[in-house]
Engineer: 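First the structure, then my questions, so here it is.
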2 protein chains.
Amino acid sequence: MAVHSHPRQNLAELTARLRQRDRRITGPRQLILDVLRREEHPLTARQIHDLLDCDLATVYRSLRLLEEMAMVKRFDFGDGTARFELLGQNDDGHHHHLVCRECSTVVEIGECFSGNFENRIARQHGFANVSHRLEFFGLCPECQAA
Amino acid sequence: MAVHSHPRQNLAELTARLRQRDRRITGPRQLILDVLRREEHPLTARQIHDLLDCDLATVYRSLRLLEEMAMVKRFDFGDGTARFELLGQNDDGHHHHLVCRECSTVVEIGECFSGNFENRIARQHGFANVSHRLEFFGLCPECQAA
DNA sequence: ATCTATTTGCAAATGATTTGCAATAAGGGG
DNA sequence: CCCCTTATTGCAAATCATTTGCAAATAGAT
């Protein structure tokens, strides 16, 4: 479901969004977006770092910034390590994953349950601005065979 | 939605389940169940530790054991800290939470989307044994006022 | 080319959770 | 009730992901 846009597009978007915040377009930031653009599945900070050549702390700092700018989305598979995916320009990145409990293979799930459910829950409890986080776990075909 | 059973019942269950595994009924294990029984919301290992008087490592070890024995369920609100809830005897503990992004107030959500959704996803991708993790986040009434 | 604020790299700090190991306690047998 | 074997605890140190302090490097405007 991830929208893998063109490098140019990415760079232009990065430039535009950074400019508005007095932030700079640096090598590491471009490299991280490049790496994420190539990957179809979410990557951990360490995986990104291993594919690059810049400090791990810089990867974390950049990812945080890119997340704040809504260019990257953070996912949590409950294993204590955050994963990051690139967001396209008009993509809010809302989707879910189906993760294999054995081999960690990830499948992206486009559909989601109806917004009514979320709205009802918000209303019932008086909460505002409700969002959700949903991930699926199971055994992938290969791991079932093994 | 947590079923808060009687102390006796808990102890009996604990005893029975531990016996079958050659494990012992120790003070810390009983204390942890006692603490969890009193709380209606999930607690972190540290919170449990602060209410008790035993080593934090023991709390972690006990929680892991109790989780394996399906007497306790682990939840992940995506803040890097696991929370634990007591499970009742016939309770599989499947439910969700609505967590305030500001003050971390937790509301338990009993209902869940239909199993069809989960089944369809499993079938579509050839996965077996599919489960899911779903949590809601929003602003609670108090924090909206503030 | 210059200047200034933002970033980076590196090392050290943090916070949650785990682990090694010797001392301690639980449960069965006598 | 004492003993013995084995599971468990406490404590300290180790791990792991992530963050932070700070001086050196660099992007972007002048």
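Chain letters run A, B, ... following the sequence lines, proteins first and then strands; every chain starts at 1.
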Engineer: Take the protein atom CG of A:Asp50 and the nucleotide atom P of D:dA17, then report the distance between them rounded to whole Å.
Structural biologist: 11 Å

Engineer: Nearest nucleotide by nearest heavy atom, which residue falls closer to the 5' end of DNA chain C, B:Arg83 or B:Ile25?
Structural biologist: B:Arg83

Engineer: I'd like to know if B:Arg46 reaches the base of C:dA16 with its side chain, counting only an N/O donor and acceptor under 3.5 Å.
Structural biologist: no

Engineer: Before accepting this row, confirm whether a basic side-chain N of the pair B:Glu85/B:Arg74 lies closer than 4.0 Å to the acidic partner's carboxylate O.
Structural biologist: no

Engineer: Taking only N and O in the side chain of A:Thr44, is any of them less than 4.0 Å away from OP1 or OP2 of D:dA17?
Structural biologist: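 Answer is no, no contact under 4.0 Å.
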
Engineer: How many whole angstroms separate atom CG of B:Leu31 from atom P of C:dA25?
Structural biologist: 15 Å

Engineer: Distance check needed: D:dA17 P versus B:Asp79 CG, whole Å only.
Structural biologist: 17 Å

Engineer: Quickly work out the B:Arg29 CZ to C:dA25 P distance and round it to whole Å.
Structural biologist: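 Going from B:Arg29 (CZ) to C:dA25 (P), I get 15 Å.
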
Engineer: Assess the pair A:Phe77 and A:His97: is the distance between their ring centroids shorter than 6.0 Å?
Structural biologist: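 Yes; A:His97 has its ring centre under 6.0 Å from that of A:Phe77.
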
Engineer: Can you measure from CG (A:Leu65) to OG1 (A:Thr58) and round to the nearest 0.5 angstrom?
Structural biologist: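 Going from the CG atom of A:Leu65 to the OG1 atom of A:Thr58 covers 12.0 Å.
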
Engineer: Can you pull out the residues from residues 55-72 of chain B that lie within a 4.0 Å heavy-atom distance of DNA chain C?
Structural biologist: B:Leu56, B:Ala57, B:Tyr60, B:Arg61, B:Arg64

Engineer: Tell me whether the side-chain N/O atoms of A:Thr26 come closer than 4.0 Å to OP1 or OP2 in C:dT8.
Structural biologist: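 True: A:Thr26 side-chain N/O within range (under 4.0 Å) of C:dT8 OP1/OP2.
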
Engineer: Scan B:Arg23 against the nucleic acid and name what it touches under 4.0 Å (heavy atoms): base, sugar-phosphate only, or nothing.
Structural biologist: sugar-phosphate

Engineer: Tell me: CD of B:Gln30 to C1' of C:dA25, nearest whole Å?
Structural biologist: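 Between C1' of C:dA25 and CD of B:Gln30: 13 Å.
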
Engineer: In whole Å, what is the span from the CD atom of A:Gln47 to the C1' atom of D:dA17?
Structural biologist: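 Atom CD in A:Gln47 sits about 13 Å away from atom C1' in D:dA17.
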
Engineer: Please say which of B:Leu66, B:Leu43, B:Val35, B:Leu36 ends up in a side chain to side chain contact (heavy atoms under 4.5 Å, CB included) with B:Leu86.
Structural biologist: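 By the side chain to side chain contact (heavy atoms under 4.5 Å, CB included) criterion, B:Leu86 pairs with just one of B:Leu66, B:Leu43, B:Val35, B:Leu36: B:Leu36.
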
Engineer: Regarding A:His96 and A:Glu135, is there a side-chain donor-to-acceptor distance under 3.5 Å anywhere?
Structural biologist: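 Result is no, nothing qualifies.
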
Engineer: Rounded to whole angstrom units, what separation is found between the CZ atom of B:Arg24 and the C1' atom of C:dA26?
Structural biologist: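 Distance, rounded to whole Å: 5 Å.
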
Engineer: Dump the intermediate steps for side chain to side chain donor-acceptor pair (under 3.5 Å) on A:Thr81 and A:Arg46, then the final yes or no.
Structural biologist: CA-CA 9 Å; A:Thr81 311; A:Arg46 183 166 300 279; over 6 Å; no

Engineer: CZ of B:Arg19 versus C1' of D:dA7: gap in Å, rounded?
Structural biologist: 15 Å

Engineer: Is it the case that over 12 heavy atoms from other parts of the model lie below 6.0 angstrom from the CZ atom of A:Arg19?
Structural biologist: no

